[in-house]
Amino acid sequence: MLQSDLIDVPETAVVHKPLAHDSARLHVQGSATYVDDIREPEGALHVAMGMAGVAAGELKRLDLAAVKAAPGVVAVIAAADIPGRNDIAPVFADEPLLVEREVMFHGQAVFAVVARTRDEARRAAKLGVIEIEPRPPSVTIADALATGARVQDDYAFARGDAAAAVAASAHRLEGQFAIGGQEHFYLEGQVSLAVPGEGDEMMVYASSQDPTETQHIVARVLGVPDAFVTVETRRMGGGFGGKESQACTWAAMAAVAAKVTGRPCKVRLDRDDDFALTGKRHDFRADWAVGYDDHGVIAGYDVMLNARCGCSVDLTPGVVDRAMFHAGNGYWLPDVAIGTRRLKTNTVSNTAFRGFGGPQGMIAIERVMDAIARERHLDPLDVRKANLLRAGLDRTPYGQAVEDFETQRLMIEELERTSAYRARRAEIAAFNRSSPWLKRGIALTPLMFGISFTLIPLNQAGALVHVYSDGSIHLNHGGTEMGQGLFTKVAQIVAEEFGVPLHFVRITATNTAKVPNASPTAASSGTDLNGMAAKIAAAEIKGRMAAFAAAHWGVPVETVAFRDARAVSGNHAMDFAALAKACRLSRVQLSHAGHYKTPDIHWDRAKATGRPFFYFAYGAACSEVAIDTLTGEMRVMRADLLHDVGSSINPALDIGQVEGGFIQGMGWLTTEELVYDARGRLATHAPATYKIPVASDTPPVFNTTLHTRPNPTASVYRSKAVGEPPLMLAISVYSAILDAVHATSPTGQPRLEAPCTPESILKAIASLEGEG
Amino acid sequence: MTDTAIEPRGALRFRFRGREVALDRFSPRATVLDWLREDALAKGTKEGCGEGDCGACTVVLARLEGGRIRHGAVNACILLLGQLDGAELITVEDLADGGVLHPVQQAMVDQHGSQCGFCTPGIVMSLFAAYHSGAPATPASLNDQLAGNLCRCTGYRPILAAGLATCDGAPTDRFAAAAESRAAALAALADGRDLFVGDDTRFFAAPASLESLAALYRRFPGAALVAGATDVGLWITKQLRDLGQVIWLGRVAGLDAVGETADGALSLGAGVTLLDAAPRLAAIHPDLGELLRRFGSVQVRTSGTVGGNIANGSPIGDLAPALIALGARVVLRRGDAARSLALEDFFIAYGKQDRAPGEFVTAIETPRLGEGQRYRAFKVTKRFDEDISAVMLAARLDLDGRRIAGARIACGGMAATPKRAANAERALVGASLDSPDTWAPALAALGQDFTPLTDMRASAAYRMTVARNVLRKALLEVAGDAAPTRLGALHAAE
């Protein structure tokens, strides 16, 4: 019996239903408004960036005369023209909006052109004379290890003595594993529109996952108090972490341009510039050693995670810490040491990306599981199962007890059955024996992902709910909509609370003037936090309405219920709209600002102890691939996904997150390759060269099942966060490719680097031939 | 423009939102996307990349073909405004009918096919094109139709489901209902007159005949010849070049002719789109069909032409090596003078072709396979669909029983131009299909034929290894090795 089986899930009318995304009808008609679609205010101007042509050096001279003289140019802005502080870093004040002296990465913004049209601005930006005294750039992880440069101090945590445990083990393996970065490739590029108001006021429409941070940074570069700046975000055309800190820059640029010119200004980056100017997923190199017994049961795991952070701190502390938190996945590691190096390079500062470091930490240990199985001639799934957290051995490497660890074992076993893993493995082995050129592979991998911001103060949210006297409901909260369906889910929660149909609830744009001091919509926490805050706000208003109705009818308040758009008690009933009107006439407040903070979490980073996660989300995936050993080409043939969403608030949206996350993760590990040349220039700076999955990459057999047992932890409606975890289901694709590579030779540990491009796969095969 | 008997038309004409639009003043470098978003204030069509790779800007152009309307999905971001001449422009805003969603829109809602929604207008338009394609959709046909539409949220499964649910080959929407009147409106635009908008220094011209084109290009040899603009569009959106004089080839009568030469070769007019060339080339060999299927995307193949891909001279264009291996010839014209040359000889150096000022490509002539001739073509990319080749290799083997009597091997991505592998070709002569040992000298000789580069697509070493391996694969297949060699077959079998 699982804990979750004891939880009673109440009947609901709106929550738990597979309703369409609130904007779906607008999306398909092209009438959903993104920032660039907002009708431009009179006199609006357009901004383009002048960019550095080297990756490291000192700015010696900036001649912008030709830029100023170009057709349509209204203003040219350099660092000295910024009214406030030239600092767009979220925390550490180490990254300027425009270069003052030091050039930190290739393409860094040196100046901005403001012109009548975007085309004029872009063409004028090419005319700037930027003289930089170049230095040899540090580009790769190897470069950074050689220079020793860091953006942040090394940090490690451990349990027991991993090195000694490895040394004392019957079997030992060690290796290095390179894990590539990833460009977000949100379909809507970075964009902000700043409209100056009276005095020092600035209104900014931003495509941002973090309007509050955007507000801070806009205020900082303008040199005005936060209260003068309002940031609004209705929706983003995709975010994936790439519009958390990274969106602030372009909002700040638009605001500075608006301040300098006194006119509305828009920044919309060209796609190639977006690639060059914005951060990506951190690439890692995991240096690992593992000791284990005859059955592949791990005694010691010692891993150093070398993360390439780029030129500044940005969100690296949280990203690399989260890689550490997930370096053990859902496994019991008796003696374990997890170290990190936060490497500084002359490349764009890496940033948040769905999973926030978790995927990099997790894939390292999954690579190790495959290595152990290969060496022991065991089925990799059996090695994984033998190492799962289990009764009495249920603590993560950082000491958090995992209460519902049995869930992951049950899910793995269920998927093993439903995917016919064992029979297919046998069939694939038979195929491989008869097929010299093409090889197939299969893998089933689990995931356990911690839910909560590891920076504890971020685990709070606000919501503002109004009931109008016609019964319509205005909903606002600090979360942002980037396609994940947050607005729909929170609206479902509010409709449920009031007992009204979903269409009573008007969803409104995230706005720093309505709900202040919000956290970024990140860490998969959007619904957990904002849903709770909205529920609290709605419940408060409902309580007042119930009290009024109870008094009006002369019944106890506990007897008043809200359902079917009515308040009822015994034989009494009143339409919700009529009740709202009556409340107003009776001077009952019909507005409330709700606030929620996640209970029971704490983390002491210095001592590396605590309970950083409110709960864990689980998943398991079985992927099958085929590779061409002559070219390294690969196809994913089938994927079976089983993912834990708790008692889903909206199963349709959750399936979308699971499938989409898997495919995005598959892209990360297969076709999406970030190639920097020796000068530090990103060579893959457009979709022509950077290849995210297309329709035909979706496996022809693609089965997704939600695991919907209620969350044992008291989350909103017992649901579980779903934004990031499914991305890690794609680790099964990497392991399946590795399995296919293994089929080319009976022994040996191939060096298969991620992403598994055809070239990477061919190299891995060759590495085995070398050993054989 | 005194060379032609009839005065050219001075205004661009197309259909939009049920009305005729006439424009007599526009920049020759204006794109359809900018016109929609900035002039027509129609913000439904999105810009995702500005280079024709993501499909967020997909619109549909309806054109008359043999009296029937054909709906083609194209990328508006790299389509020149002037290229709309004679077409009906359909955008995402046109589809719903008085608040009732179009079937493909409703299916997208029902299947939860949108998340962030930014790619959705383009996807809806691609599905709309599939809806009007005249054939029921299959998973494979939808994968093709959508290869040029990137979605970063959904993983595509619900989008494919929406397409399968609605694109049954029998359209019943209001566009189908109004087919007759729409066709009549389009027919009224087809005046067969030359189009010339602007003055001698800045113009957009679209000659209607080969004679007009020849005369116009002689007069303005510095003009940019534009076929599909799938590359020229990027000169504007990415290189920010100012194209002053533009001659669009899309209206030249006869330039899209498909026929046979006297000796039975397939003749494809330079203006034949890659989409229309595909079945003709597939009839020569299925590998050519598969190559064309993976060439760009439907949007690119709908706009891009055979002549454009050849005349552009890109070292990574797939068509040239594929056709060189078959012994194709290119036909050129300047004024009234025509000549033809072997396709491989057309490519002189990187960015330099054997084309005189004022001269243009009129056709590509490709011999069919004869008795004893075998052909294979391989395109190796990071991503299967809509990706530029790291290595493209095509080979024709001329067999004398089990003996190789002759070979034509050509590669793309291996040199500064599409190039034949002369040493490997020689080394194969006399080799036996039955003894793989005799193939080795040819595989080794590729090392003398090519010195590939390392770039973001692949390293030099990988390119060389793979060129050898796919040549070996061609030999294995032609020799009749029974073991599977094609992932595609395995993938499709699922």
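The pair A/Arg116-B/Glu38 fails the salt-bridge criterion, with no side-chain N (NZ, NE, NH1 or NH2) lying under 4.0 Å from an Asp/Glu carboxylate O. Note on A/Glu673 versus B/Lys382: salt bridge recorded, some NZ/NE/NH1/NH2 to OD/OE distance being below 4.0 Å. The residues A/Asp119 and B/Arg29 are annotated as salt-bridged, a charged nitrogen and a carboxylate oxygen being separated by less than 4.0 angstrom. Using a 4.0 Å cut-off between charged nitrogen and carboxylate oxygen, B/Asp34 and A/Arg118 do not count as a salt-bridge pair.
Under the 4.5 Å side-chain criterion, counting only non-hydrogen atoms from C-beta, A/Asp36 is not in contact with B/Lys46. Inter-residue side-chain proximity for B/Cys49 and A/Phe275 is flagged as unmet; no heavy-atom pair is nearer than 4.5 Å. Counting heavy atoms from C-beta outward, A/Val636 and B/His491 have side chains that stay 4.5 Å or more apart.
The CG atom of A/Asp628 sits 9.0 Å away from atom CZ of B/Phe378, with the distance rounded to the nearest 0.5 Å. Taking CZ from A/Arg122 and CG from B/Leu240, the interatomic distance works out to 4.5 Å, rounded to the nearest 0.5 Å. Atom-to-atom distance recorded for A/Arg681:CZ and B/Met456:CE is 6.5 Å, nearest 0.5 angstrom. Between atom CZ of residue A/Phe240 and atom SG of residue B/Cys153 there is a gap of 3.5 Å, rounded to the nearest 0.5 Å. The distance from the CG atom of A/Leu630 to the OG1 atom of B/Thr485 is 8.0 Å, given to the nearest 0.5 Å. In this structure, the separation between CZ on B/Arg294 and OG on A/Ser696 is 9.0 Å, given to the nearest 0.5 Å.
Within the structure, side-chain hydrogen bond (donor to acceptor under 3.5 Å, both in side chains) contacts touching residues 26-35 of chain A (residues at least two apart or in different chains) are A/His27-B/Ser114. Within the structure, the salt bridge (charged side-chain N to carboxylate O under 4.0 Å, His left out) test picks out the following pairs touching residues 655-671 of chain A (sequence neighbours left out): A/Glu659-B/Arg157.
B/Tyr462 places a side-chain N or O within donor-acceptor distance of the main-chain N or O of A/Thr631, the cut-off being under 3.5 Å. Side-chain atoms of B/Arg383 come within 3.5 Å of backbone atoms of A/Ile692 as a donor-acceptor pair (strictly under, hydrogens ignored). Between the side chain of A/Glu759 and the main chain of B/Ser459, a donor-acceptor pair closer than 3.5 Å is present. No donor-acceptor pair under 3.5 Å is formed between the side chain of A/Glu633 and the backbone N or O of B/Val380.
Ranked by heavy-atom pairs shorter than 4.5 Å toward chain B, the options A/Asp697, A/Leu762, A/Val28 are led by A/Val28. Per-residue counts of heavy-atom pairs under 4.5 Å with chain B were compared for A/Ala688, A/Ala652, A/Pro755; the largest is that of A/Ala688. Between chain B and the options A/Gln664, A/His21, A/Met482, the largest number of non-hydrogen pairs under 4.5 Å is found for A/Gln664. Note on A/Pro758, A/Gly189, A/Gly239: by heavy-atom pairs under 4.5 Å with chain B, the leading option is A/Pro758. The most heavy-atom pairs under 4.5 Å with chain B, out of A/Pro687, A/Ala32, A/Gly485, come from A/Pro687. The candidate from B/Asp481, B/Leu150, B/Leu160, B/Asp385 with the greatest count of non-hydrogen atom pairs under 4.5 Å with chain A is B/Leu150. Across A/Ala20, A/Pro18, A/Gly667, A/Ser434, the residue that shares the most heavy-atom pairs under 4.5 angstrom with chain B is A/Ala20.
Of the two parts of B/Ala147, only the backbone, made up of N, CA, C and O, holds a non-hydrogen atom closer than 4.5 Å to a non-hydrogen atom of chain A. No part of B/Thr91 comes within reach of chain A, as not one of its non-hydrogen atoms sits under 4.5 angstrom from that chain. Contacts of A/Leu653 with chain B are absent, with no heavy-atom separation under 4.5 Å from either backbone or side chain. When heavy atoms are compared at a cutoff of 4.5 Å, B/Glu93 approaches chain A by way of both its backbone and its side chain. Of the two parts of A/Leu682, neither the backbone nor the side chain holds a non-hydrogen atom closer than 4.5 Å to a non-hydrogen atom of chain B.
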*Can you list the steps and then say if B/Arg37 with A/Asp37 is a salt bridge (Lys or Arg N to Asp or Glu O under 4.0 Å)?*
CA-CA 8 Å; B/Arg37 293 186 58 87; A/Asp37 303 336; 2.6 Å; yes
*Show your reasoning for whether salt bridge (Lys or Arg N to Asp or Glu O under 4.0 Å) applies to B/Glu47 and A/Arg268.*
CA-CA 10 Å; B/Glu47 179 182 309; A/Arg268 177 168 68 84; 3.2 Å; yes
*Mind running salt bridge (Lys or Arg N to Asp or Glu O under 4.0 Å) on A/Asp270 and B/Lys238 for me, showing each step along the way?*
CA-CA 9 Å; A/Asp270 176 67; B/Lys238 296 297 170 177; 2.9 Å; yes
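Applying a 4.5 Å heavy-atom cutoff, the residues of residues 467-476 of chain B that approach chain A are B/Asn469, B/Val470, B/Arg472, B/Lys473, B/Leu476.
Between B/Cys119 and A/Leu187 the shortest heavy-atom distance is CB-CG, 4.0 Å.
When each of A/Glu672, A/Glu188, A/Glu183 is tested with B/Arg152 by the rule salt bridge (charged side-chain N to carboxylate O under 4.0 Å, His left out), just one qualifies, namely A/Glu672.
Here B/Val300 pairs with B/Asn75, B/Thr230, B/Ser297 under the side chain to side chain contact (heavy atoms under 4.5 Å, CB included) rule; sequence neighbours left out.
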